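Computed from a prediction, not measured in an experiment: that's the story for all the values here.
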Amino acid sequence: MTNRYTIHIYINTETRKKDVCYYHFSFPLPSVSVRKKQRISRVFFDRKQKLILYLFPHSHNPDFNMRTFTRLSIITLFLFVVCTFYGYGQNYTVIVSLDGFRHDYPRIHQTPELDKIAASGVDAVMLPSYPASTFPNHYTMATGLILDHHGLVNNTFWDPVTGKKYSMGDKETRYDATYYLGEPIWITAEKQRVKTGVLYWVGCDIPGLEPSATHLERWDPDERLTFQQRIDKAIEWLSLPEEIRPRLIMLYIEEPDGYGHRYGLTGKETGKLVKSLNALMGDLYRKISALPHGD
């Protein structure tokens, strides 16, 4: 493993000084050691940095939620900066969020494809911001900011300044850029002339947040791409000519969050969906590896 360029990141995740997450990255192969006793969720890196999977947890345990979010999006940004600055060539990063994917789903429901990715690279952990809701945490991952700094403090909340209730289901507030502070990573990348592709990620389709991703799929509550179509869209983007090919791709998949709430973490229906998503991630990984530049 090459250790030429190394980044050490210390993130204090609680008020207690002893509770510190430690991240150590070496290029081109990252390795992670996290000093935490409790596994909240998992992040998988493949050996060649082709794929990063954020498996976003959905926990209601207050002991988990009061911890500040482990800002792994910062690490992704470091990967881009270091690889670009030190001449590692045209590296590509694909980030996939499986919303509500618990840390123990691989053990409960068996996920061989994710296990393979972990075995060939890194299996790490992450902690959500409080509250552990979809919109605030995905925007945290995009910006590297905690909730009270980026504006989205929950999926729904009352804004005493405007006298309005923000809701992710209300188009008037959902697409109001004044609620979205900070700078998402795809905007930072585009400013550095790194082309990006973003599909359904929170904040990617807000008018006024510029520059937008070169390749963009906007969320439509009534008509959306299937999960398989989303994977195929990523491969389509990665198959474009090099001059317009995105080097950062971010995909959002809204399950198994709903199934976990509806049927429980050990429910038969939940297990079936988890296995389906596991197979989907294996399909994505194999298709990436099969690309001419996928090695």
Can you name the nearest heavy-atom pair linking [X] to [Y], along with the distance?
| X | Y | value |
| --- | --- | --- |
| Trp201 | His138 | NE1-O, 2.9 Å |
| Pro256 | Gly100 | CG-O, 4.0 Å |
| Gly203 | Leu209 | O-CD1, 3.5 Å |
| Ile206 | Ala177 | CG2-CA, 3.7 Å |
| Phe101 | Leu114 | CZ-CD1, 3.7 Å |
| Leu238 | Ile288 | CD1-CG1, 4.0 Å |

For the residue pair Tyr179 and Phe157, categorise the inter-ring angle as parallel (less than 30°), tilted (30 to 60°) or perpendicular (more than 60°). perpendicular
Taking the side chain as everything from C-beta on, heavy atoms only, tell me whether [X] gets closer than 4.5 Å to [Y].
| X | Y | result |
| --- | --- | --- |
| Tyr166 | Asp159 | no |
| His109 | Asn278 | no |
| Glu254 | Arg224 | yes |
| Asp115 | Pro106 | yes |
| Glu255 | Phe227 | yes |
| Thr134 | Tyr252 | yes |
| Trp237 | Glu217 | yes |

Going by side chain to side chain contact (heavy atoms under 4.5 Å, CB included), name the residues that satisfy it together with [X], two or more places apart in sequence or in a different chain.
| X | result |
| --- | --- |
| Leu181 | none |
| Pro241 | Glu243, Ile244 |
| His150 | Pro136, Tyr139, Thr140, Thr143, Leu145, Leu147, Leu152 |
| Gln228 | Thr226, Ile231, Asp232, Leu280, Asp283, Lys287 |

Please tell me whether Trp158 and Tyr180 are part of a single hydrophobic cluster in this structure, the criterion being side-chain heavy atoms less than 4.5 Å apart. no
Side-chain (Ser133) to main-chain (Phe135) donor-acceptor, under 3.5 angstrom: no
Enter the distance from [X]:[atom1] to [Y]:[atom2] here, rounded to the nearest 0.5 Å.
| X | Y | atom1 | atom2 | result |
| --- | --- | --- | --- | --- |
| Ile185 | Cys204 | CD1 | SG | 14.0 Å |
| His261 | Thr270 | NE2 | OG1 | 10.5 Å |
| Leu251 | Arg230 | CG | CZ | 9.0 Å |
| Tyr105 | Thr111 | OH | OG1 | 12.0 Å |
| Asn154 | Tyr130 | CG | OH | 8.0 Å |
| Glu242 | Lys195 | CD | NZ | 11.5 Å |

Filter on salt bridge (Lys or Arg N to Asp or Glu O under 4.0 Å), then keep only pairs touching [range], sequence neighbours left out; what's left?
| range | result |
| --- | --- |
| residues 269-278 | none |
| residues 196-208 | Arg174-Asp205 |
| residues 127-148 | none |

[X]: salt bridge (charged side-chain N to carboxylate O under 4.0 Å, His left out) partners, not counting sequence neighbours:
| X | answer |
| --- | --- |
| Lys164 | Glu172 |
| Asp176 | none |
| Arg262 | none |
| Arg245 | none |

All side chain to side chain donor-acceptor pair (under 3.5 Å) counterparts of Thr196, not counting sequence neighbours: Glu190
Is any NZ, NE, NH1 or NH2 atom of the basic residue among Glu113 and Arg286 found under 4.0 Å from an Asp or Glu carboxylate oxygen of the other? yes
